[in-house]
Amino acid sequence: MKPSRLQLGWFIVGLGALLIAGQTLVPQPQTIRAVTSTRFFSDWGAFAGIDILLNTLLFIPIGVGLRLTGCSRRSAVAIAATLSGVIELLQISVVAGRDSSVRDVL
């Protein structure tokens with residue numbers, strides 16, 4: 001039996017959410033953190049473009065999945081922005097070894 005577009009969309013959303021959680025909510029060892037650390041209101045240094053690109057790529061599966069489920073573009077962007085904001089708040093308050101950045105939300 002072939003999965004419906006809606007089922008496929010939710011499957012992709014779930015996989016995307018797992019990917020995002022694995023990349024953003026796992027505590028980071030101190031040795032790695034020293035190299036990649038950013039502060040919430042950090043400067044837009046040499047790696048800003050790479051950081052923005054990687055964060056954008058990380059959220060593409062969520063966007064594709066939400067669109068397949070029938071979400072409007074506006075709703076998909078709002079959901080992704082909210083998810084990004086929640087992740088940054090968790091990184092500030094809960095996840096050890098992670099620093100939050102405004103860049104990640106933008």
Side-chain angles (χ1 to χ4, degrees):
M1 185 167 109
K2 183 178 176 183
S4 70
R5 181 178 173 176
L6 181 65
Q7 290 171 322
L8 178 61
W10 285 118
F11 179 75
I12 293 171
V13 167
L15 283 179
L18 286 174
L19 175 67
I20 290 169
Q23 293 297 312
T24 61
L25 297 177
V26 174
Q28 200 173 37
Q30 190 67 23
T31 55
I32 295 172
R33 184 175 170 220
V35 176
T36 62
S37 177
T38 59
R39 297 285 184 258
F40 193 72
F41 290 106
S42 66
D43 63 49
W44 293 71
F47 296 106
I50 293 170
D51 193 32
I52 291 168
L53 176 65
L54 291 176
N55 280 301
T56 301
L57 291 174
L58 192 59
F59 277 83
I60 286 175
I62 293 268
V64 169
L66 287 172
R67 291 293 289 151
L68 286 173
T69 65
C71 258
S72 69
R73 285 183 187 165
R74 181 177 285 196
S75 293
V77 168
I79 290 167
T82 301
L83 178 60
S84 182
V86 167
I87 288 168
E88 296 307 310
L89 289 174
L90 288 171
Q91 287 180 341
I92 288 173
S93 60
V94 177
V95 183
R98 290 290 197 162
D99 290 321
S100 188
S101 172
V102 171
R103 247 192 339 243
D104 294 344
V105 177
L106 297 176

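For the numbers below, each heavy atom of this structure counts, side chains included, while hydrogens, waters and symmetry mates do not.
- Note: I92 CD1 to I87 CD1 = 12.5 Å, rounded to the nearest 0.5 Å.
- Listed here is the closest heavy atom pair of P61 and I12: O-CG2, 3.2 Å.
- Tracing side-chain contacts under 4.5 Å through hydrophobic residues (I, L, V, M, F, W, Y), one never reaches V64 starting from L83; they form parts of separate clusters.
- Atoms CH2 and CG, on W10 and L66 in that order, are 6.0 Å from each other to the nearest 0.5 Å.
- Contact check for F11 versus P3: no side-chain heavy atoms found under the 4.5 Å cut-off.
- Residues satisfying the side-chain hydrogen bond (donor to acceptor under 3.5 Å, both in side chains) criterion with S75, sequence neighbours excluded, are S72.
- Interatomic distance, I20 CD1 to N55 CG, rounded to the nearest 0.5 Å: 9.0 Å.
- In terms of heavy atoms, Q23 sits closest to L58 at CG-CD1, 4.0 Å.
- Hydrophobic clustering (ILVMFWY, side-chain heavy atoms < 4.5 Å, transitive): L25 and V94 are in one cluster.
- Under the rule for a side chain to side chain contact (heavy atoms under 4.5 Å, CB included), the partners of L57 that lie at least two apart in sequence or sit in another chain are L53, I60.
- A pairwise comparison of heavy atoms in F59 and A80 identifies CE2-O, 3.8 Å as the closest pair.
- Summarising the geometry of R5 relative to R67, their closest heavy-atom pair is NH2-O, 3.9 Å, with the distance given to 0.1 Å.
- Judged purely by atom type and a 3.5 angstrom limit, T56 uses its side chain to pair as donor or acceptor with the backbone of I52.
- The two atoms that bring I79 and C71 nearest to each other are CD1-SG, 4.2 Å, heavy atoms only.
- Applying the side chain to side chain contact (heavy atoms under 4.5 Å, CB included) rule to S4 yields the partners L6, Q7; only residues at least two apart in sequence or on another chain are considered.
- Here the CG atom belonging to L15 is positioned 9.5 Å from the CD1 atom belonging to I62, to the nearest 0.5 angstrom.
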